[in-house]
Structures are given as C-alpha cells and as structure tokens.
Amino acid sequence: MTDRPTKQGRGRAAKARDTVDWTLPVDPDALRTTLLDWYDRHRRTLPWRASPGEHSDPYAVWLSEIMLQQTTVAAVKGYFERFLKRWPTVGDLAAADRDDVLNAWAGLGYYARARNLHRCAAVVADDHDGHFPSAVPDLKALPGVGDYTSAAIAAIAFDTPATVVDGNVERVITRLFALETPLPDAKPDIRIRTGRIAPDTAARRPGDFAQAMMDLGATVCTPRAPKCLLCPWRDACRAHAMGEEERFPLKKPKKPKPSRQCTAFWVTSGDHVLLERRPAKGLLGGMPGLFSTPWIDTDTQDMADDWQSHLPLSGNTRTLPGTTRHTFTHFHLETRVIVVSVKVVTDIENGFWIPLHHVEEAGLPTVFKKMAVHAVSKGSGT
DNA sequence: GAATCGTGGAA
DNA sequence: TTTCCAAGATT
C-alpha cells in the first residue's frame with residue numbers, strides 16, 4: 001500500500017498521512033484479514049451483539065455504545081437489558097419521562113450520558129422518523145454521539161466503512177507500531193494508521209473489524225499482562241519485538257486529585273425523608289441527592305463548620321459518628337452526615353419527600369447512596 | 001487544549 | 001490503601 005500523490009489544499013490529516021512511517025513486516029490487508037479470522041474463532045456473545053450473519057438493531061447498538069463509554073462491559077450488561085426491555089424502541093425511550101430515564105441510569109455514572117440519551121432519542125424520533133441515520137456526520141450531530149460512537153454505530157449497525165478508535169484501539173495500535181508519542185497527542189496518528197488497516201468496503205466487514213479490534217484490546221492486548229502468545233498480530237507487533245508491550249500507550253502525566261468535604265443532611269419526618277432534585281447541569285445534574293453544604297476544597301479552606309446556614313429545614317439535629325468517602329473522576333469527597341428530625345412534612349424549593357422504604361428506588365447516585373446507608377445504619381438509635 | 005464528568009473492579 | 005482504568009463527549 002503506497003501513499004497517495006500529493007494534492008493542493010489538503011487538511012492536517014492528509015498531511016500526516018503522507019508522513020506515516022509504515023515499518024511493519026506485513027501489509028495492512030494481511031493484518032485486517034488475520035484479525036477477522038481471529039474474530040471468527042473467538043467472537044464473544046454479548047447482549048447487544050448480533051449473532052453471525054444477523055442484522056443488528058441500530059437502536060440497540062446506539063444504546064449499548066452510549067452505556068459503554070468509559071464503562072466496563074460487566075457494569076453495562078444489566079442496565080442494557082433493563083433499558084431494552086422497558087423501552088424496546090427509540091420511540092418508547094423518546095416518550096419516556098426524563099426522570100424515569102435518569103432513575104434507570106442511576107449508578108452507572110456520567111449522568112450527562114443519560115440526559116443526552118433522552119435528548120437523542122427525541123431527535124431521532126422527531127427529526128429522523130424514528131430511524132437512526134447511517135452516515136457518520138449525521139450520527140455525530142446527535143447529542144452524546146462523538147467521534148468514536150458515530151463511527152461505531154455506522155460500522156456495527158450499518159456495516160459502513162468507518163474508522164473506529166476507542167481506548168482499546170489506541171492501545172493496540174500504539175503497541176503495534178511502538179508509537180512513542182504520548183496520548184492524547186498521538187490520536188491523529190493512531191486514527192490514520194487504524195484507517196489504513198480497517199476495511200474500505202462493506203464487503204470487508206467493517207462492523208466485525210471494529211468489534212474485533214476492541215475485543216482484541218479487551219481480551220488479549222490488555223493494559224497489564226497482555227496475552228501476546230494468543231495474539232493474531234504477535235509477529236507484526238513492534239512493541240512485542242521490543243519486549244516492552246506494557247510501556248505502550250505512553251500517556252501524559254495526570255494531575256493529582258484534590259480532596260473536598262461537606263456536611264449532608266438526612267432530613268426525616270415520620271417515615272419520610274427529604275431529598276433534593278439537583279440542578280439540570282453539572283456534576284450529577286438532574287439527579288436526586290441529599291441536601292448538603294457546599295463541597296469545599298480541603299486544602300484551601302478551613303474546616304468550615306457553618307452547616308447551620310445551609311440547613312434546609314429546622315428541627316432536632318444530631319451529628320452522626322464517622323464519615324462517608326467517595327471518589328469522583330477529579331476529586332475525593334468526605335462527608336459528615338447530620339440527621340435532622342422535623343415535625344411536619346414541609347415542601348421546599350427543589351426538595352421532595354419520599355417514604356423511607358422507597359429510598360432504594362429513588363435513583364440516588366452512588367455518592368448519595370453511601371450517605372443514605374450511613375444515615376440509616378448509624379442513625380437508627382433515635 | 002485542558003477540565004469536567006461516575007463508578008466499581010483489579011492489582 | 002492507592003492507583004489505574006473501562007467500547008468518550010462536551011465545553
């Protein structure tokens with residue numbers, strides 16, 4: 001495979017393509033064929049994966065791909081099956097109440113995905129007659145669908161040639177070529193190299209190839225202790241030849257996580273508890289939670305003990321022993337819980353009351369679920 | 001381009 | 001206990 005002749009007015013990608021240094025002992029077509037053979041022999045059964053030869057439902061593909069963003073297969077399985085059973089079509093999901101969708105998503109994390117999921121379903125139902133578009137640019141225009149997901153849906157659901165690059169592909173490609181450029185700077189190069197190996201026609205099975213690349217990364221070319229003896233690309237892999245598989249991909253150093261702390265309020269009245277509906281945007285946006293003081297940075301702020309002014313309702317208060325801890329993507333949170341007993345159920349802004357025995361179905365994100373468990377276990381002494 | 005945005009499992 | 005990381009998107 002040779003580089004194309006130079007043309008005028010090329011973009012950055014085209015320019016980089018000419019400078020790609022292809023130094024593997026085998027050509028792209030051989031790599032693609034070898035990988036597809038491996039996939040046919042090792043294909044995994046997954047809830048969202050069509051059987052060989054069967055047509056996959058674009059709605060199911062889209063739903064699974066959104067859920068799988070930065071999330072493990074094991075964590076997604078149950079959620080995927082519950083969603084598909086409750087909302088069998090994109091029209092059903094579009095017609096669902098937003099809070100019901102958020103409730104069903106609770107615990108899976110990255111809640112902007114759930115908000116975008118519901119918005120996207122509405123767009124597909126309203127603007128696309130209930131059918132997902134098949135072209136990458138049209139898919140990428142949908143809420144929550146970016147570079148990876150648009151390519152994945154096009155390839156897997158419609159067998160359209162598309163360059164699918166996720167974290168698995170990045171790892172496989174950087175090892176195959178022993179790329180010394182750290183992520184994310186290496187992304188454009190990785191995309192170009194992946195595009196060279198990937199199928200360029202529907203007949204060459206773009207969907208299977210994309211899934212094969214990701215399966216290879218997930219089961220063989222793993223971050224730690226890769227199973228190179230089982231790898232179909234073992235003989236071509238430069239990192240393997242160097243004996244330095246685990247050194248790739250290189251990554252830019254990440255910043256340390258700061259710590260924050262807050263005081264949360266477990267407000268009860270009789271057998272009811274008060275929860276907050278959080279603002280629609282930002283951290284845990286749109287989700288239910290406990291009222292609390294602001295989450296203050298531990299390093300820059302003193303242990304501010306001014307929880308009184310943030311008390312949502314006045315009542316008898318009791319500070320529980322101990323704290324709960326939770327780690328988000330970019331900070332740690334330590335929470336002290338104060339039990340507040342109020343005389344009568346009183347409505348307040350952004351607040352809602354639920355029976356205590358329904359807390360488990362309230363759809364609390366994990367950080368709040370920890371606080372609720374703490375309150376119930378430590379606070380039952382009154 | 002850097003920050004933001006969850007969670008649970010593995011080492 | 002801490003760190004890493006998993007089928008990324010958005011701002």
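From a predicted model like this one, the values you see are computed outputs, not experimental measurements. Every chain is numbered from 1, with letters handed out A, B, ... down the list of sequences.
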Reading 5' to 3' through nucleotides 5-11 of chain C, protein heavy-atom contacts under 4.0 Å coded B for base, S for sugar-phosphate only, - for none: SBBBSS-

What's the CZ-P distance between A/R260 and B/dT4, to the nearest Å? 8 Å

Could you tell me the separation between the CH2 atom of A/W105 and the P atom of B/dG6, rounded to a whole number of Å? 11 Å

Starting from the 5' end of DNA chain B, give me the residue, A/D185 or A/F331, whose nearest nucleotide shows up first. A/D185

Reckon A/H326 has a side-chain N or O less than 4.0 Å from the OP1 or OP2 of B/dT7? yes

A/E334 CD - C/dT2 P separation (whole Å): 11 Å

Give the rounded distance in Å between these two atoms: CZ of A/R325 and C1' of B/dT7. 18 Å

Does CD belonging to A/E361 count more than 12 external heavy atoms closer than 6.0 Å? yes

Without decimals, in angstroms, what is the distance between A/M287 CE and B/dC5 P? 15 Å

Spacing of A/E246 atom CD relative to C/dT3 atom C1', expressed in whole Å: 15 Å

Would you find more than 12 non-hydrogen atoms of other residues, nucleotides or ligands less than 6.0 Å from A/R325 atom CZ? no

Which part of the nucleic acid, if any, lies within contact of A/G107, taking any heavy atom under 4.0 Å across all strands shown: a base, the sugar-phosphate backbone alone, or nothing? sugar-phosphate

For the pair A/F80 and A/W48, name the ring-plane relationship: parallel under 30°, tilted 30 to 60°, perpendicular over 60°. perpendicular

Run the salt-bridge test on A/D92 and A/R86 with the 4.0 Å N-O cut-off and return the result as yes or no. no

Nearest whole Å is fine: how far is B/dG6 C1' from A/W295 CH2? 11 Å

Would A/R336 pass as a cation-pi partner of A/W295, given that its NZ or CZ must be under 6.0 Å from the six-membered ring centre and within 45 degrees of the axis? no

Between A/F265 and A/W307, what is the ring plane arrangement, given parallel below 30°, perpendicular above 60°, and tilted in between? tilted

What's the CZ-C1' distance between A/F328 and B/dG8, to the nearest Å? 14 Å

Contact under 4.0 Å: A/T366 side-chain N or O vs B/dT7 OP1/OP2: yes

Determine the Euclidean distance between corresponding P atoms of B/dA11 and C/dA7; express it in Å to zero decimal places. 15 Å

Contact class for A/V164 (heavy atom, under 4.0 Å): base, sugar-phosphate, or nothing? nothing

Return the orientation label for the A/Y59 and A/W62 ring planes: parallel under 30°, perpendicular over 60°, tilted otherwise. tilted

Which part of the nucleic acid, if any, lies within reach of A/P365 when heavy atoms closer than 4.0 Å are counted: base, sugar-phosphate only, or nothing? sugar-phosphate

So what does A/L108 touch, heavy atoms closer than 4.0 Å: a base, only the sugar-phosphate, or nothing? base

